[in-house]
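Please read the structure below before turning to the comments.
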Amino acid sequence: MQTAPTFALADTMRRLGTESAFVMLAKARALEAEGRNIIHLEIGEPDFDTPSHVKEAGIESIRANRTHYTPAAGIAELRDAIAAHVSRTRGLNITRDQVVIGPGGKPVIAMTLLALLNPGDEVVIPDPAYPAYRSITTYVGAVPVSVPLQERLGFRLDPADLERAVTTKTKILVVNSPHNPTGGIMTPQDIAAIAEIARKHNILVISDEIYNRHSYDAEFASYYGMSGLPEQSILIDGFSKAWAMTGWRLGFGVFPKYIADAVTALMLNTVSCTATFVQDAGLAALSGDDRPVQAMREEFLRRRTLLVEGLRKIPGVTCEMPGGAFYVFPNFSKIEPDDVKLANHILEAGNVAVLGGSTFGPNGRGFIRMSYANSEANLREALSRIGRAVANYKS
Ligand code: PLP
């Protein structure tokens, strides 16, 4: 019998990472298929429905046959609305030609790095961080350089650590506030200190502000808006988190125009464009009633308190109060320093899906990421399951 031929994959595939949330979700789903009841605290998506006026706009758009290609950077109406929205919320004067729309913030991040990096360029990335920054950086042969986010600083970036990470090869710094996975937020003082380093060393800063509507204790401080360096800054934002639109796939970037043109060329060569009716729904989200977004934030705020207070009652666990996003990042290192092993135990023995902190970078070792995009009842149940699972834990 003839065996089917196999073909070597591109060498670059070895440099591409993965995202533990999607891996853990698949594992948890497999257990559910066996009949287990799992509480999902692993995936970073709001459990709320997309606001109805947004859904209606998408449906209406399909009915009106807005189902064809659009320009690669997006429809003019939405690019204008994003330019106006960013101008208003970040205190800048943004124009349509700076805005590129994509099918999610994630592809916009990827295209931005692809558009800018040559092999050997260094990208300073907080550790821990959203995995896509590091994965795409290594994929193109550039070099990720970690700068630690420390628990004792509320997971903020220490400017002295940042300064130490910078070399003559540093091209890009990625910042993300509110932060995934820690929930940490940058203060206006942090922004000033980071901007000073970016200016001094001529570094381009990518500011991922996708959780900007999820700031709880202080008004959201935007690096993009407050750095005073828009010509050497890029904004990443999107609709997934604020409007509970993860599955629609809609995000955007705001760039200096020549970078916007390069990112648009990459969009054109890959996705061609973002679905027309999805862009129409995004327009309704930006221009419509904001109360559903505010209501989701209020609900997240209640859950944050519940989860942090519950975690602090588990012997051996410490937990910072996160200032934003919808994640907590408790320290379980006294119970088990190998966070991935512990996350697997919590799934197997406790039926709660959580993520090991080190899957976001080595500095996350000993921590567990939990998303509180789940009901208060489920969070309470998850807390008692986790408490039981770690009470009798033997490494
Ligand atoms: N940036 C951060 C920090 C995230 O956590 C996520 C999603 O989890 C994204 C960007 C991308 O989201 P999306 O591609 O759904 O817009």
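Counting from 1, the numbers follow the sequence of the chain as shown. In listed order, ligands and their atoms are each counted from 1. The structure presented is a predicted model; accordingly, all values stated were derived computationally and were not measured.
Every atom of ligand 1 is numbered from 1 in the order shown, and the set under 4.0 Å from a heavy atom of G104 is 14 (O), 16 (O). Taking a cut-off of under 4.0 Å to the non-hydrogen atoms of N176, the atoms of ligand 1 that pass are 3 (C).
Distances between N or O atoms of N180 and those of ligand 1 include at least one value under 3.5 Å. The shortest N or O to N or O distance between D208 and ligand 1 is below 3.5 Å.
Listed here is the closest heavy atom pair of R249 and S240: NH1-OG, 3.7 Å. When every heavy atom of H214 is checked against every heavy atom of K241, the shortest pair comes out as CE1-O, 3.4 Å.
Counting non-hydrogen atoms of neighbouring residues, nucleotides and ligands closer than 6.0 angstrom, the CG atom of N269 exceeds 12 such neighbours. The 12-atom threshold is not exceeded at CD of E219, counting heavy atoms of other residues, nucleotides or ligands nearer than 6.0 Å. At most 12 non-hydrogen atoms from other residues, nucleotides or ligands lie less than 6.0 angstrom from OH of Y139.
At a 4.0 Å cut-off, at least one heavy atom of S240 sits close enough to ligand 1 to count as contact. The shortest separation from a heavy atom of G251 to ligand 1 is not under 4.0 Å, leaving the residue out of contact.
Contacts between Y133 and ligand 1 below 4.0 angstrom, taking non-hydrogen atoms only, involve the side chain exclusively. Under 4.0 angstrom from ligand 1, the non-hydrogen atoms of R249 all belong to its side chain. Only the side chain of Y211 comes within 4.0 Å of ligand 1, counting heavy atoms alone; its backbone N, CA, C and O stay farther away.
A ring pair (Phe, Tyr, Trp, His ring centres under 6.0 Å) with Y211 holds for exactly one of Y130, Y216, F220, Y327; it is Y327. Checking each of H85, R90, R213 against D237 for a side-chain hydrogen bond (donor to acceptor under 3.5 Å, both in side chains) leaves exactly one that passes, namely R90.
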Are D339 and R365 close enough, and set up right, to give a salt bridge (charged side-chain N to carboxylate O under 4.0 Å, His left out), and what steps lead you there? CA-CA 6 Å; D339 49 275; R365 186 173 158 82; 5.0 Å; no

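Ion pair R380/E376 flagged as a salt bridge, since at least one NZ, NE, NH1 or NH2 atom sits closer than 4.0 Å to an Asp/Glu carboxylate oxygen.
Of all protein heavy atoms, the one lying nearest to atom 11 (C) of ligand 1 is Y130 OH, 3.4 Å. Looking only at heavy atoms of the protein, atom 7 (C) of ligand 1 is closest to K241 NZ, 2.9 Å. Closest protein heavy atom to atom 16 (O) of ligand 1: G105 N, 2.6 Å.
The nearest non-hydrogen atom to atom 12 (O) of ligand 1, considering only L250, I236, I210, comes from I210.
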